[in-house]
Protein chains: 2
Amino acid sequence: MCADAHPVICMRAGLRLITGKWKAEIMWSLKDGKRRFGELMRAIPGITQHMLTAQLRDMENHGLVTRTVYAEVPPRVEYELTPVAHDLKPVFEELNRWAEQHAVTLRLGEVDDPEDDGGPRK
Amino acid sequence: MCADAHPVICMRAGLRLITGKWKAEIMWSLKDGKRRFGELMRAIPGITQHMLTAQLRDMENHGLVTRTVYAEVPPRVEYELTPVAHDLKPVFEELNRWAEQHAVTLRLGEVDDPEDDGGPRK
DNA sequence: CAGCATCCCAAAAGATACTG
DNA sequence: CAGTATCTTTTGGGATGCTG
């Protein structure tokens, strides 16, 4: 279905699923269990409602998260990673290892957004 | 320098370095050794000169490939992965494993480009 | 609370033509 | 051969306002 082509084609398709400015952080925020929409907003500084909604929908369509709506007032919606998404853990672990190991060489500090709100880096 | 923030921030920065429609395929084409510009063009169907040049320059700036120009006529330029890029192998291996394992669930066949040139799928 | 709708901008990617 | 230079298109991302 995919492996009949070069493996790299399959891989590239997979890579696209976890690509996007916020997907990694969303998954990171969900790795320990369910989270509500508002919790995610607060857990991910800088993201807008629009983007959070969009990326969650995207991930939902690709089977990476489940969305559960509770018929209550006020409304409550919970998101949770699927087993498939949890299976990505080794990928992220390897990536993290690589990124930290070569952070200096890669000048990772300069790669990402200059969204420095003036506050200290923690 | 990067690990002082949440690990996910560092990882996201690293992820951006290998993100792009062609980077994975370029690295794949270079994994067994040096290649000339024209060889890469032929090895990566669909890529344009413009994009190949741009991505190679980008990767060069990030220390993922080296570019060697030979003063000959006709000109010859060879590209090669750096050790840092080779170190990405485990990441790609895990990603590939994940993608192939869940190809059906993720419907990876529908994710990527519909660049079906009319020929049969293999 | 958890969104959707709308408009807008910037970055990524692609087409095409030209060159040392 | 291995690129540059332009231009156009596509995509991703963001700001703001409204709503069940």
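By convention in this document, chain letters (A, B, ...) are assigned in the order of the sequence lines, proteins followed by strands, and residues within each chain are numbered from 1.
Residues in residues 25-54 of chain A take part in these side chain to side chain donor-acceptor pair (under 3.5 Å) pairs, two or more places apart or across chains: A:Glu25-B:Arg12.
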Can B:Leu64 and B:Lys23 be said to form a side-chain contact (heavy atoms from CB on, under 4.5 Å), step by step? CA-CA 10 Å; B:Leu64 296 175; B:Lys23 295 231 178 91; 5.6 Å; no
Determine, stepwise, if the pair B:Arg76 / B:Glu78 fulfils side-chain contact (heavy atoms from CB on, under 4.5 Å). CA-CA 7 Å; B:Arg76 181 161 60 103; B:Glu78 287 185 340; 3.3 Å; yes
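Looking only at distances, a side-chain donor or acceptor of A:Asn61 sits under 3.5 Å from a matching main-chain atom of A:Arg57. The backbone N or O of B:Ala85 lies less than 3.5 Å from no partner atom in the side chain of A:Trp98, so there is not a single donor-acceptor pair.
Nucleotide C:dG14 holds its C1' atom 11 Å from the CD1 atom of B:Ile47, rounded to whole Å. Counting to the nearest Å, the P atom of C:dA2 and the CZ atom of A:Arg42 are 8 Å from each other. Nucleotide D:dA5 holds its P atom 16 Å from the CE atom of B:Met51, rounded to whole Å. Between A:Leu40 atom CG and C:dA2 atom C1' the separation is 12 Å, expressed in whole Å. Going from atom CE of B:Met41 over to atom P of D:dT4 covers 14 Å, rounded to whole Å. Regarding B:Ile44, its CD1 atom lies at a distance of 15 Å from the C1' atom of D:dA2, rounded to whole Å. The distance from atom CZ of A:Arg16 to atom C1' of C:dA13 is 11 Å, rounded to the nearest whole Å. Rounded to a whole Å, the CG atom of B:Leu52 is 8 Å from the P atom of D:dG3.
Near DNA chain D, meaning a heavy atom under 4.0 Å away, the residues from residues 29-39 of chain B are B:Arg36, B:Phe37, B:Gly38.
Atoms CG and CD1, on A:Leu40 and A:Ile47 in that order, are 8.0 Å from each other to the nearest 0.5 Å. How far CG of B:Leu15 is from CG of A:Leu95: 5.5 Å, rounded to the nearest 0.5 Å.
Looking at heavy-atom distances under 4.0 Å, A:Gln55 makes contact with sugar-phosphate atoms alone, never a base. Here A:Glu72 lies out of heavy-atom contact (under 4.0 Å) with every strand.
For A:Lys21 against A:Gln55, the heavy-atom pair with the smallest separation is N-NE2, 4.4 Å.
For A:Val77, whose side chain is taken as the heavy atoms from C-beta onward, the closest listed nucleotide among D:dG14, D:dC1, C:dG3 is C:dG3. Comparing D:dG3, C:dA15, D:dG14 by their closest approach to the side chain of B:Arg57 singles out D:dG3. Counting only heavy atoms from C-beta on, A:Lys21 has its side chain closest to D:dG13 among C:dA13, D:dG13, C:dG14. Closest to the side chain of B:Arg67, from the set D:dG3, C:dA5, C:dG14, is D:dG3. Counting only heavy atoms from C-beta on, A:Pro75 has its side chain closest to D:dG20 among D:dT4, D:dA2, D:dG20. Residue A:Pro74 has its side chain nearest to C:dC1 when only C:dC1, D:dA2, C:dA15 are considered. Which of D:dG13, D:dG3, C:dG3 sits closest to the side chain of B:Tyr79 comes down to D:dG3. Distance from the side chain of B:Gln49 is smallest for C:dA17 among the nucleotides C:dA17, D:dA5, D:dG14. Distance from the side chain of A:Thr53 is smallest for C:dG3 among the nucleotides C:dG3, D:dA15, C:dG14.
Relative to the axis of its first five pairs, the axis of the last five pairs of the helix from C:dC1-D:dG20 to C:dG20-D:dC1 sits at 50°, rounded to 10 degrees.
A:Leu56 and A:Tyr70 sit in two unconnected hydrophobic clusters of ILVMFWY residues. Membership requires side-chain heavy atoms under 4.5 Å apart, directly or through other members. Follow the hydrophobic side-chain contacts under 4.5 Å out from A:Val77 and you never reach A:Val73; the two are in separate clusters.
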